[in-house]
Amino acid sequence: QVQLVESGGGSAQAGQSLTLSCAASGDTSVYYMAWFRQAPGQEREGVAASYPRGVHSFYTASVDGRFTVSRDLRQNTLLLVMENLKPEDSGMYFCAAARRFAAWSSTWSDAAAYADWGQGTQVTVST
């Protein structure tokens, strides 16, 4: 189990950029890690994921081409660079990690696949 702490959220206008960071308490180089977001009254949605050692990255369609997920393996940090922000990107952003997915059928965007979660950081995008 690892502790995760997100930072970097805040307010931005549409078209601007923000960078989120997720600091892990230990070596997460072999973990699956992901960013999820949740808007009020909506389900938690997978935004982007980085597979072990950062070999593969995945994005939900609505952010593909605008967001970039990356890892600093030495600092045990997961980053999310969000560019050309839109109001619909607003929500609480959570960092998640899993040493292995909870089920063999899990995919990167399944929230139930991840065992460890941060407390979240709020992102608000205005027009």
Side-chain angles (χ1 to χ4, degrees):
Q1 186 176 11
V2 294
Q3 280 71 51
L4 304 170
V5 179
E6 302 96 334
S7 62
S11 298
Q13 291 189 322
Q16 293 184 333
S17 301
L18 285 174
T19 297
L20 304 184
S21 295
C22 172
S25 61
D27 181 3
T28 52
S29 62
V30 295
Y31 278 64
Y32 296 85
M33 299 193 73
W35 287 100
F36 285 76
R37 66 186 178 193
Q38 189 168 20
Q42 297 187 18
E43 292 187 357
R44 196 165 292 192
E45 171 193 26
V47 176
S50 173
Y51 272 31
R53 302 198 185 281
V55 173
H56 298 293
S57 300
F58 299 90
Y59 301 91
T60 192
S62 63
V63 308
D64 198 6
R66 299 188 297 119
F67 290 12
T68 303
V69 63
S70 63
R71 296 192 180 201
D72 184 332
L73 296 177
R74 289 185 296 178
Q75 299 293 327
N76 296 315
T77 300
L78 182 72
L79 301 174
L80 184 68
V81 178
M82 306 185 295
E83 298 177 302
N84 190 21
L85 283 163
K86 303 177 180 181
E88 51 264 41
D89 294 321
S90 297
M92 187 69 77
Y93 281 69
F94 298 90
C95 178
R99 180 63 179 85
R100 58 184 59 83
F101 283 157
W104 68 269
S105 58
S106 296
T107 65
W108 72 266
S109 58
D110 290 337
Y114 298 86
D116 303 315
W117 291 83
Q119 294 299 308
T121 185
Q122 180 68 38
V123 172
T124 303
V125 183
S126 59
T127 56

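In this text, all values refer to a predicted model and were calculated from it rather than measured experimentally.
Here Thr28 contributes atom OG1 and Leu78 contributes atom CG; the two are 8.0 Å apart, rounded to the nearest 0.5 Å. The line from OH of Tyr93 to CD of Glu45 is 8.0 Å long, rounded to the nearest 0.5 Å. Expressed to the nearest 0.5 Å, how far OG1 of Thr19 lies from CD of Glu83 amounts to 8.0 Å. We find the CE-OG1 distance between Met92 and Thr121 to be 7.5 Å, quoted to the nearest 0.5 Å. With values rounded to the nearest 0.5 angstrom, Cys22 atom SG is found 10.5 Å from Leu80 atom CG. One distance of note links OG of Ser50 with OH of Tyr31; it measures 14.5 Å at 0.5 Å rounding.
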Practice problem: Could you go through the side-chain contact (heavy atoms from CB on, under 4.5 Å) check for Val123 and Arg37 one step at a time? | Solution: CA-CA 9 Å; Val123 172; Arg37 66 186 178 193; over 6 Å; no
Self-check item: Test side-chain contact (heavy atoms from CB on, under 4.5 Å) applied to Trp35 and Phe67, step by step
Solution: CA-CA 11 Å; Trp35 287 100; Phe67 290 12; over 6 Å; no
Quiz item: Please walk me through it: do Arg66 and Asp89 pass side-chain contact (heavy atoms from CB on, under 4.5 Å)?
Solution: CA-CA 11 Å; Arg66 299 188 297 119; Asp89 294 321; 2.8 Å; yes
Exercise. Test Arg99 against Val30 for side-chain contact (heavy atoms from CB on, under 4.5 Å), laying out the working first.
Key: CA-CA 7 Å; Arg99 180 63 179 85; Val30 295; 3.6 Å; yes
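Note on Phe36 and Leu85: separate hydrophobic clusters, where clusters join Ile, Leu, Val, Met, Phe, Trp and Tyr whose side-chain heavy atoms are under 4.5 Å apart, directly or indirectly. Note on Met33 and Phe94: separate hydrophobic clusters, where clusters join Ile, Leu, Val, Met, Phe, Trp and Tyr whose side-chain heavy atoms are under 4.5 Å apart, directly or indirectly. Tyr59 and Tyr114 sit in two unconnected hydrophobic clusters of ILVMFWY residues. Membership requires side-chain heavy atoms under 4.5 Å apart, directly or through other members. Clustering ILVMFWY residues whenever any of their side-chain heavy atoms sit less than 4.5 angstrom apart, transitively, puts Leu79 in a cluster other than the one holding Trp117.
Nearest heavy-atom pair, Arg71 versus Arg53, reported as atom, atom and distance to 0.1 Å: NH1-N, 3.8 Å. Closest approach of Ala98 to Ala113, counting heavy atoms only: CB-O, 3.6 Å. The two residues Leu18 and Gly10 make their nearest non-hydrogen contact at CD1-O, 3.9 Å. When all heavy atoms of Thr77 and Ser21 are compared, the closest pair comes out as CG2-CB, 4.3 Å.
A donor-acceptor pair under 3.5 Å links the side-chain atoms of Glu6 to the main chain of Cys95, judged by distance alone. Using modelled atom types, no side-chain atom of Asp116 and backbone atom of Gln1 make a donor-acceptor pair closer than 3.5 Å. A donor-acceptor pair under 3.5 Å is absent between the side-chain atoms of Asp110 and the main chain of Ala112, judged by distance alone.
More than 12 heavy atoms of other shown residues, nucleotides or ligands fall within 6.0 angstrom of atom CD in Gln122.
Classification of the Phe58-Trp108 ring pair by plane angle, with boundaries at 30° and 60°, yields parallel.
Aromatic ring centroids of Phe101 and Tyr32 lie under 6.0 Å apart.
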